[in-house]
Amino acid sequence: MTDLRTDGRAALEWAARYLERVGELPVLAQVRPGEIRARLPANAPEEGEPFAAVLQDLDEVLLPGVTHWQHPRYFAYFATSSSEPAILAELLAATLNTVAILWRTSPASTELEGVVLDWTAALLGLPRGWHGHIEDTASTSTLAAIIAAREATGRDLIVCSEQAHSSVDKAARMLGMRLHKVACDRVFRMRADDTARIADEAAVVIATVGTTAATSVDPVPQIADACARCGAWLHVDASYAGAAMVCPEHRWAFEGVDRADSLVVNAHKWMLTPADCSLLWTARPDDFRRAFSLIPDYLRTPDAEDALSLSEYGPALGRRFRALKLWAVLRCHGRRGLQQHIRSGIALAARFEQWVDAEPGWELCAPRCFSVVCFRLQGSDERNSDLLQAVNAGGEIFISHAVLNGRYVLRLAVGQMRTTHEDIRRAWEALRRQAAALAA
Ligand SMILES: Cc1ncc(COP(=O)(O)O)c(C=O)c1O
């Protein structure tokens, strides 16, 4: 038996203690593939066990196999944070367990979703009146946008840059659509003139604001011009960088985004909200509804209600109460808290960038647009790959890599709310120490 009060107190205590000490744990899980599975029983227990046993095994069996995304020195891929209001809201969402298959099965979750998407749009400086809903991931949001674009245009070509996220390749493969990748300029931005040449065949052109490797920003105004001329749908993938638009000084990167047909921003990347919470807006909700609405008899309700069911705007029928955690985040951090989080991450990344720039034997590999620094040791790819393996194995930091201009580069992504100047300094020291050790 599980007692919500007693076991709940223990679980919350576990969560609070974990967040206090996560910085002392090795960031990257120090286990081999299969090791965690081998420590777990092959079958579920016959009789129910106390919840305390679950907490005990979480500590003893699972924790060694956790890579700590909440660690202040997590710098890999895009660092993310699950902040306290969202952690608590997830507990409450699971308690309510609403499933919004239709408006009437969860009016509050459906309507709150609309409200928090409107609030976030206003915080990011987006046009008023766009229709917004939440998908699980940016992969699904972009897939949904491509489906709506194909429905609206009757064409089957997707156009994106060679730096666009692999979710576009995957969507093209799943949908059996053609994919054309436009080359990028010196600083990894989609070439607008090449885009214009192919756009008249395109169902959708996908521009990225904050590419995965270098966080470069495609020239959205020129791409929007090409789409407008050719009747192609413009989808903007701002999964990572969109959150930075809460700060007016970064809005240069959203120039032209008001002309997009759809836009994705992941709240679960840089907006203090845990996965999954991908925000998808569209200026053309009717096209989404035409693409996705499919109501079997058993789900028919009066028309006025039908129009409000968010399951008609995307692939999933059952939709969980994701809006609750975003609502909690927006209310408990406020615009100022979100701005402070973005500004602090960018300032720390800028500091790290200065150190790399000033150090002989190291080089910067891309202009830094937001909170990601791409850099490398001068010399071979192998040297940099060895450094990455060695520094991650040490457990003090976790960074990832990318390939830019055919070269292996290291990436340090700041985005964890617990990261301080001291953590950045330790990252730089660990890298220099390991580089010296490898040279010796
Ligand atoms: C620019 C961009 N788009 C899409 C994605 C995919 O995000 P998700 O994991 O939410 O599908 C990523 C992942 O990092 C990304 O960087």
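Whatever order the structure lists them in is the order used to number ligands and atoms, beginning at 1. Any value given below was found using the heavy atoms of this structure, including those in side chains, with hydrogens, waters and symmetry copies removed.
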Taking the six-membered ring of Phe78, is the NZ or CZ of Arg411 close enough (under 6.0 Å from the centre) and on axis enough (within 45°)?
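So Arg411 does make the cation-pi contact.
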Counting only nitrogen or oxygen atoms and a 3.5 angstrom limit, does [X] reach ligand 1?
X: Ala138; result: yes
X: Asp237; result: yes
X: Thr211; result: no

Does either side chain, that of [X] or that of [Y], offer a donor lying less than 3.5 Å from an acceptor on the other one?
X: Tyr74; Y: Thr67; value: no
X: His333; Y: Ser83; value: yes
X: Asp423; Y: Thr419; value: no

Between [X] and ligand 1, find which residue part has any heavy-atom pair under 4.0 Å and reply side chain, backbone, both or neither.
X: Phe78; result: side chain
X: Thr137; result: both
X: Thr140; result: neither

Nearest non-hydrogen protein atom, atom 11 (O) of ligand 1
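Going atom by atom, the protein heavy atom closest to atom 11 (O) of ligand 1 ends up being Ser139 OG, 2.6 Å.
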Centroid-centroid distance, Phe375 to Phe352, less than 6.0 Å
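Ring-ring flag for Phe375/Phe352: true, centres closer than 6.0 Å.
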What about His131 and Tyr313, are their ring centers closer than 6.0 Å?
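Yes - the distance between ring centres of His131 and Tyr313 falls below the 6.0 Å cut-off.
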For [X], atoms of ligand 1 separated by under 4.0 Å from a heavy atom:
X: Thr212; answer: 1 (C), 2 (C), 15 (C), 16 (O)
X: His268; answer: 10 (O)
X: Gly210; answer: 1 (C)
X: Ser239; answer: 2 (C), 3 (N), 4 (C)

Using the side-chain hydrogen bond (donor to acceptor under 3.5 Å, both in side chains) rule, pick out the option among Asp276, Thr98, Asn97 that qualifies with Arg320.
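When Asp276, Thr98, Asn97 are each tested with Arg320, the side-chain hydrogen bond (donor to acceptor under 3.5 Å, both in side chains) holds only for Asp276.
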Any idea which of Gln163, His165, Lys269 brings a heavy atom closest to atom 7 (O) of ligand 1?
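The option holding the nearest heavy atom is Lys269.
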Check whether any side-chain N or O of Arg229 sits under 3.5 Å from a backbone N or O of Ala196 as a donor-acceptor pair, and report yes or no.
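No, the answer is negative, given that no donor and acceptor are paired below the 3.5 Å cut-off.
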